[in-house]
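Order of appearance sets the numbers: ligands from 1, and atoms from 1 within every ligand. All values derive from a computational prediction rather than experimental measurement.
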Amino acid sequence: MSRIVYVNGEYLPEEEAKISVFDRGFLMADGVYEVTSVLEGRLVDFAGHMARLKRSLAELDMAMPVTDAELEAIHRRMVADNGIEEGLVYMQITRGAADRDFAYPEGATPSLVLFTQKKALIDSAAAKAGLRVATLPDLRWKRRDIKTVQLLAPSMAKMAAKAQGKDDAWMVDEDGFVTEGSSNNAYIVTKAGTIVTRHLSNDILHGITRKAVLSFAREAQMKVEERPFTVAEAQDAAEAFITSASSFVTPVVEIDGTALGDGAPGPVARRLREIYVAESRKAAV
Ligand code: PLP
């Protein structure tokens, strides 16, 4: 059975959905997106995703095409119509269709597209085994805090990591500090037990999962430092992990061929994953 997708006011089988070839999302990556996870048919941290969406739109002078209540209702209907118990809702807003020009068009109608993906988020093989990552130069632009659909640089990094037989890429800035994963925030846990992750700035995406996980860690009396860390510091760490809406908290067990600790998922990552899943189940709407 084909999925039902949402395109500009219509709920359609995916084969029937259409977007203009002049859409600036297609021509210029002039669009932003959000991915919200679904647990037990309910949306995880929806308010957080909507807050970041509005920030991304504001940074690009783009309008919200529907009201907050409408957008929430569309998310809910997508979950219901596609029978999503566990998985993801992808939502994209572009500036819409207009004659191709580098200047933002006046009066273009933004495009709004949503689709769903069924995915086992809790029972994940990656969470059990841990990820092996390769570090690669961060080739992205300088506004990584805006969640735009221009994802070719992280996609190239992921392919380069896969070519090395690894699971994912950690991207590294010109000064040798890790920025984040190809589609997730990156953390290490020092041998003294401190969780370290890069501080918020234009260099990284302000992860919604990051915010929740850091707050759970602090509530559990874990020590957190938000600062840059090098690849060498990461390779010397007791453990490492990533966070994102689609991976929750997932351990990293190897960086550029160096195993961390005993090479198995570490206790801090495992505990934070348990807390995150339990709290998200409770708070999902
Ligand atoms: N960093 C990047 C580059 C991402 O693409 C993502 C998610 O797509 C994240 C971090 C994690 O963000 P969130 O926790 O909001 O999913």
Side-chain angles (χ1 to χ4, degrees), residues 29 31-39 43-57 59 75 86-93 114-117 119 121 124 126-127 131 133 135-161 167-173 177-188 195 197-217 226 228-229 240-252 269 272-273 275-277 279-280 283-284:
V32 301
Y33 74 109
E34 284 294 330
V35 178
T36 304
S37 58
V38 177
L39 285 180
L43 301 163
V44 174
D45 222 335
F46 186 69
H49 286 286
M50 290 306 102
R52 183 173 63 190
L53 170 66
K54 285 187 184 162
R55 181 177 181 278
S56 294
L57 289 170
E59 291 298 314
H75 272 75
E86 196 170 315
L88 305 165
V89 183
Y90 176 94
M91 185 230 61
Q92 176 169 329
I93 298 174
L114 283 89
F115 60 82
T116 55
Q117 284 178 306
K119 194 172 175 205
L121 302 176
S124 118
L131 300 171
V133 303
T135 65
L136 285 141
D138 195 333
L139 302 178
R140 298 174 300 164
W141 74 331
K142 293 180 180 161
R143 289 304 308 274
R144 302 158 189 162
D145 56 310
I146 310 174
K147 196 166 169 65
T148 75
V149 296
Q150 46 159 333
L151 297 172
L152 200 49
S155 188
M156 286 168 71
K158 181 142 191 173
M159 290 311 289
D167 302 305
D168 199 3
W170 273 16
M171 297 177 286
V172 179
D173 68 16
F177 293 99
V178 173
T179 51
E180 55 190 330
S182 62
S183 59
N184 43 69
N185 290 114
Y187 307 71
I188 58 172
I195 298 165
T197 192
R198 198 175 173 109
H199 57 286
L200 296 181
S201 71
N202 293 351
D203 293 339
I204 62 167
L205 186 73
H206 302 188
I208 300 305
T209 321
R210 177 189 183 282
K211 187 175 179 194
V213 165
L214 289 186
S215 124
F216 296 142
E226 295 181 59
F229 59 86
F241 60 91
I242 58 159
T243 65
S244 73
S246 57
S247 68
F248 298 161
V249 179
T250 298
V252 167
L272 283 174
R273 183 177 173 87
I275 297 175
Y276 182 80
V277 169
E279 294 296 327
S280 298

In ligand 1, the atoms that come under 4.0 Å of a heavy atom of R52 are 12 (O), 13 (P), 15 (O)
Close N or O approach (H206, ligand 1; < 3.5 Å): no
One should read off an interatomic distance between N202 CG and K142 NZ, to the nearest 0.5 angstrom, of 11.0 Å
Can you see whether N184 engages S247 through a side-chain donor-acceptor pair at a distance of less than 3.5 angstrom? no
**Message:** I'd like to know if N184 contacts ligand 1, where contact means a heavy-atom distance under 4.0 Å to any ligand atom.
**Reply:** yes
Among non-hydrogen protein atoms, atom 1 (N) of ligand 1 lies closest to E180 OE1, 2.6 Å
Of V213, T243, T209, I242, the residue with the heavy atom nearest atom 14 (O) of ligand 1 is T209
The atoms of ligand 1 lying under 4.0 Å from a heavy atom of S244, numbered in the order shown, are 11 (C), 14 (O), 16 (O)
Backbone of L205 reached by a side-chain donor or acceptor of N185 within 3.5 Å: yes
Practice item. Could you tell me whether a side-chain N or O of T209 sits under 3.5 Å from a main-chain N or O of A245, the two making a donor and an acceptor? Key: yes
(message) Would G181 count as a polar contact of ligand 1, with the cut-off being nitrogen or oxygen pairs under 3.5 Å?
(response) no
Residues at least two apart in sequence or cross-chain that pass side-chain contact (heavy atoms from CB on, under 4.5 Å) with K211, listed by chain then number, are none
In this structure, atom 8 (O) of ligand 1 is nearest to the protein heavy atom K147 NZ, 2.8 Å
What one should report as the nearest heavy-atom pair of M171 and S182 is CE-CA, 3.7 Å
protein heavy-atom neighbour closest to atom 12 (O) of ligand 1 works out as G207 CA, 3.5 Å
Near N185 (heavy-atom distance under 4.0 Å), the atoms of ligand 1 are 10 (C), 11 (C)
Checklist entry - Does E34 have a heavy atom less than 4.0 Å from any atom of ligand 1? => result no
### Query
Are any side-chain N or O atoms of Q117 and backbone N or O atoms of L88, one a donor and one an acceptor, separated by less than 3.5 Å?
no
Of all protein heavy atoms, the one nearest atom 5 (O) of ligand 1 is S183 CA, 3.4 Å
Tested for salt bridge (charged side-chain N to carboxylate O under 4.0 Å, His left out) against E34, the lone hit among K54, R52, R55 is R52
A245 heavy atoms within 4.0 Å reach ligand 1 at atoms 13 (P), 14 (O), 16 (O)
Counting from 1 in the order shown, the ligand 1 atoms closer than 4.0 Å to a non-hydrogen atom of R140 are 3 (C)
The complete set of side chain to side chain donor-acceptor pair (under 3.5 Å) pairs with one or both residues in residues 146-156, sequence neighbours excluded, reads Y33-K147
